[in-house]
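Since the structure comes first, as structure tokens, the remarks are kept for the end.
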Amino acid sequence: MVDSSVVAAAAGLSVTASLPFLLYGAWIMIDAETVTWNVLTHHLWHIGAGLALTTVPVVGWMIPRLFRRLTGLAVIHAFLGLQAYALLAFALTGIVRILQAKRNADAYENPDRDIDEIHEDMGHWRSRLRVGVAGFMLLWLCAWVTGLYRFYAIHVATAMGW
């Protein structure tokens, strides 16, 4: 059987590897002057890869083992991660509405159209998207740092007898 430290390291590496995908996916949208369908699909491919690299270890490794070693730091780590996903869900409420409005107005095929004129609630939806994504990334980073410290405390320091 594989030692739990090896699996924990693989889970941590997977979550760590998701960071460049998430950041590059965000950069694609920040850098784009207009969001065409090709820009959107390129963005979603990177974001999807980043979320998969994070979510699979969380669901497959971290959540099932949370209550085995329930310490204050584990609770903080889980709370930060759960709040990050809650803000991602909040962002999705804006993303879905924006996507629907742009598809209904053929704004992906006609990128010259002003996005704020497509629907009267577009500004609100875009604010939800920004707050959700920024909050997700901030809390994701906090959970990631907490997870790195937990990995060190559980698997490295104890193995060295510290």
Side-chain angles (χ1 to χ4, degrees), residues 1-33 35 39-100 102 115 121-162:
M1 180 116 172
V2 178
D3 187 43
S4 65
S5 296
V6 174
V7 179
L13 285 173
S14 178
V15 172
T16 301
S18 71
L19 182 60
F21 285 98
L22 295 172
L23 292 176
Y24 184 65
W27 177 252
I28 290 169
M29 296 306 270
I30 291 168
D31 191 45
E33 193 167 313
V35 179
V39 170
L40 179 65
T41 55
H42 187 64
H43 159 76
L44 290 176
W45 187 91
H46 285 87
I47 295 299
L51 288 175
L53 285 168
T54 295
T55 305
V56 169
V58 166
V59 172
W61 170 255
M62 296 174 197
I63 291 175
R65 284 156 186 78
L66 175 64
F67 295 106
R68 289 186 191 166
R69 197 181 289 254
L70 193 60
T71 62
L73 193 58
V75 170
I76 291 170
H77 180 69
F79 178 78
L80 291 170
L82 183 62
Q83 295 307 307
Y85 277 98
L87 280 169
L88 181 62
F90 181 71
L92 287 174
T93 63
I95 292 169
V96 168
R97 293 301 202 170
I98 293 168
L99 181 65
Q100 287 173 340
K102 286 185 79 171
I115 189 169
D121 292 330
M122 187 62 74
H124 175 71
W125 298 334
R126 292 174 76 195
S127 295
R128 281 184 142 191
L129 174 61
R130 288 183 188 115
V131 168
V133 169
F136 169 78
M137 284 308 303
L138 179 66
L139 288 168
W140 184 95
L141 287 168
C142 292
W144 178 65
V145 169
T146 307
L148 289 177
Y149 180 75
R150 284 193 69 221
F151 174 79
Y152 171 78
I154 294 169
H155 299 286
V156 177
T158 56
M160 299 199 172
W162 293 338

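Not measured: the values here are computed from a predicted model. The analysis underlying the following values was restricted to heavy atoms, covering all of them including side chains, and did not include hydrogens, waters or symmetry mates.
Side chains of Trp140 and Leu87 form no contact here, defined as non-hydrogen atoms less than 4.5 Å apart. The side-chain heavy atoms of Ile76 and Phe79, taken from C-beta on, include no pair separated by under 4.5 Å. The shortest distance between side-chain heavy atoms of Met29 and Ile47 does not fall below 4.5 Å.
Residue Thr93 holds its OG1 atom at 3.5 Å from CZ of Arg128, rounded to the nearest 0.5 Å. Taking CG from Leu66 and CG from Leu70, the interatomic distance works out to 5.5 Å, rounded to the nearest 0.5 Å.
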List the steps and the verdict of side-chain contact (heavy atoms from CB on, under 4.5 Å) for Val15 and Leu53.
-> CA-CA 6 Å; Val15 172; Leu53 285 168; over 6 Å; no
Are Asp3 and Val7 close enough, and set up right, to give a side-chain contact (heavy atoms from CB on, under 4.5 Å), and what steps lead you there?
-> CA-CA 7 Å; Asp3 187 43; Val7 179; over 6 Å; no
side-chain contact (heavy atoms from CB on, under 4.5 Å) between Arg97 and His124, intermediate numbers included | CA-CA 10 Å; Arg97 293 301 202 170; His124 175 71; over 6 Å; no
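Applying the side-chain hydrogen bond (donor to acceptor under 3.5 Å, both in side chains) definition to pairs two or more places apart or across chains, none involves residues 59-75. The side-chain hydrogen bond (donor to acceptor under 3.5 Å, both in side chains) contacts involving residues 8-21 comprise Thr16-Trp144, Ser18-Thr54, where partners must be two or more places apart or lie in separate chains.
The shortest non-hydrogen separation linking Ile115 to Met122 is O-CG, 3.4 Å. Across Tyr85 and Phe136, no two heavy atoms sit closer than the pair N-CD1, 4.3 Å. Nearest approach of Val39 to Ala32, heavy atoms of both residues: CG1-CB, 3.8 Å. Contact record, Lys102 with Val35: NZ-O, 3.3 Å, taken as the closest heavy-atom pair. The two residues Leu22 and Leu51 make their nearest non-hydrogen contact at CD2-N, 4.1 Å. In terms of heavy-atom proximity, Ala157 sits nearest to Ala153 at CB-O, 3.9 Å.
Among the candidates Leu88, Leu139, Leu138, the single residue satisfying the side chain to side chain contact (heavy atoms under 4.5 Å, CB included) test with Gln83 is Leu139.
For the ring pair (Phe, Tyr, Trp, His ring centres under 6.0 Å) test, residues two or more places apart in sequence or in another chain that qualify with Phe151 are His155.
When atom types are taken as modelled, the side chain of His46 and the backbone of Tyr24 share no donor-acceptor pair closer than 3.5 angstrom. Judged by distance alone, the side chain of His77 and the main-chain N or O of Gly147 form a donor-acceptor pair under 3.5 Å.
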